[in-house]
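Naming: A, B, ... by sequence-line order, numbering from 1 per chain.
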Number of protein chains: 2
Amino acid sequence: MDDTQDTWLPQPDIDSVDITTVLQALADPTRLQIVRALAAVEESTCTALDVPVKPSTVSHHMGILREAGIVSTRLAGNARPSRLRREDLERRFPGLLTAILNATPPTR
Amino acid sequence: MDDTQDTWLPQPDIDSVDITTVLQALADPTRLQIVRALAAVEESTCTALDVPVKPSTVSHHMGILREAGIVSTRLAGNARPSRLRREDLERRFPGLLTAILNATPPTR
DNA sequence: ACGCTACTACGATGAATATCGAAATATTCG
DNA sequence: CGAATATTTCGATATTCATCGTAGTAGCGT
């Protein structure tokens, strides 16, 4: 069969995404951890991510990130690897994702 | 009397601020509106801001922004004009505030 | 002193949400 | 086919939080 075409879960057009929605999605510690992990590997499934919450919660967070236009999710067998929409986000909100990923831990 | 010294409300050291706290503070529509308004005028009191919530709510939001390291609040008579901590934020999270302030409305 | 203004603090309330477990779906593997 | 895997969906719960009204504090003007 022709398997060169990937199927993707529905995701918003990047131009229709509001900055408030993006900030709300990124303003959660667990989701920020997911985003950082995805930034390091470029693609990962829910179960491969090392986050301290249950699988159903990871799936929930991934859905929030997807609907906010932050990640794309591909259908690959029974898995759904997601990746950051880096170029889309850079075009829509230049410098935003970079600034967040470059953020250093606070001094305690 | 020597009135060259301003008095300020307590605010966190910018280096001790966490990115999650900043994102949470900015992820609210009303607070984002306040931040945008402050970016336009450089200094403003709570009552001078044109936001669609009651004064006690504006004060609440300003406190959140202050504790997140986003605004500084000066004591001036009975008023408390606040301003964006632009340079502090730029040093702590380079490009973040600029990216958010430059965000354009979504296409609907 | 008295009223007016600006803001803060407190308590209450209703809505949003992060988390979990269980059930359902779909796919791969034996 | 049957079992295991990956993920989603649903329901429940507990917490967080945005908003408001009222009351309190403090400075300014008359």
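A straight line from NE2 of A:H61 to P of D:dT9 spans 15 Å, rounded to a whole angstrom. Protein atom CE of A:M62 is 11 Å distant from nucleotide atom C1' of D:dT7, rounded to whole Å. Protein atom CZ of B:R80 is 11 Å distant from nucleotide atom P of D:dC28, rounded to whole Å. Remark: C1' of C:dA26 and CG of A:L9 are 13 Å apart, rounded to the nearest angstrom. Distance CD1 (B:I64) to C1' (D:dT19): 12 Å, rounded to an integer number of Å. For the pair B:D28 CG and D:dA18 P, the interatomic distance rounds to 5 Å; values are reported in whole Å. The separation between A:E67 atom CD and C:dA16 atom P is 15 Å, rounded to whole Å. Here the C1' atom of nucleotide D:dT13 and the NZ atom of A:K54 are 17 Å apart, to the nearest Å.
A:R74 comes within contact range of no nucleotide atom at all, as no heavy-atom separation falls under 4.0 Å. Residue B:T57 is in base contact, counting any heavy-atom pair closer than 4.0 Å across all strands shown.
Using a 4.0 Å cut-off, some side-chain N or O of A:R31 falls inside it from OP1 or OP2 of C:dA18. Between B:T30 and the phosphate of D:dT19, there is a side-chain N or O to OP1/OP2 separation shorter than 4.0 Å. Side-chain nitrogen and oxygen atoms of B:R66 include at least one within less than 4.0 Å of the OP1 or OP2 phosphate oxygen of C:dT8. Contact check, A:S59 against D:dT9: no side-chain N or O comes under 4.0 Å of OP1 or OP2. Dashed line: the shortest gap from a side-chain N or O of B:T47 to OP1 or OP2 of C:dC7 is under 4.0 Å.
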I would like to know whether A:E90 and A:L96 meet side-chain contact (heavy atoms from CB on, under 4.5 Å); could you show each step before the answer? CA-CA 7 Å; A:E90 177 61 25; A:L96 179 65; over 6 Å; no
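Ranking C:dA22, C:dA18, D:dC20 by closeness to the A:H60 side chain, first place goes to C:dA18.
Each of A:A76 and A:S56 was matched to the nucleotide of DNA chain C holding its nearest heavy atom; the match closer to the 5' end belongs to A:S56.
Rounded to the nearest 0.5 angstrom, A:L89 CG and A:I14 CD1 are separated by 4.5 Å.
Under a hydrophobic clustering in which Ile, Leu, Val, Met, Phe, Trp and Tyr are joined whenever their side-chain heavy atoms come within less than 4.5 Å, directly or via other members, A:V53 and A:M62 fall into the same cluster.
Checking B:T73 against B:R66 by side-chain atom types alone, a donor-acceptor pair falls below 3.5 Å.
Not a single donor-acceptor contact under 3.5 angstrom links the side-chain atoms of A:N78 to the base of D:dT7.
Exactly one residue among B:L97, B:T21, B:L84 makes a side chain to side chain contact (heavy atoms under 4.5 Å, CB included) with B:I70. That residue is B:L84.
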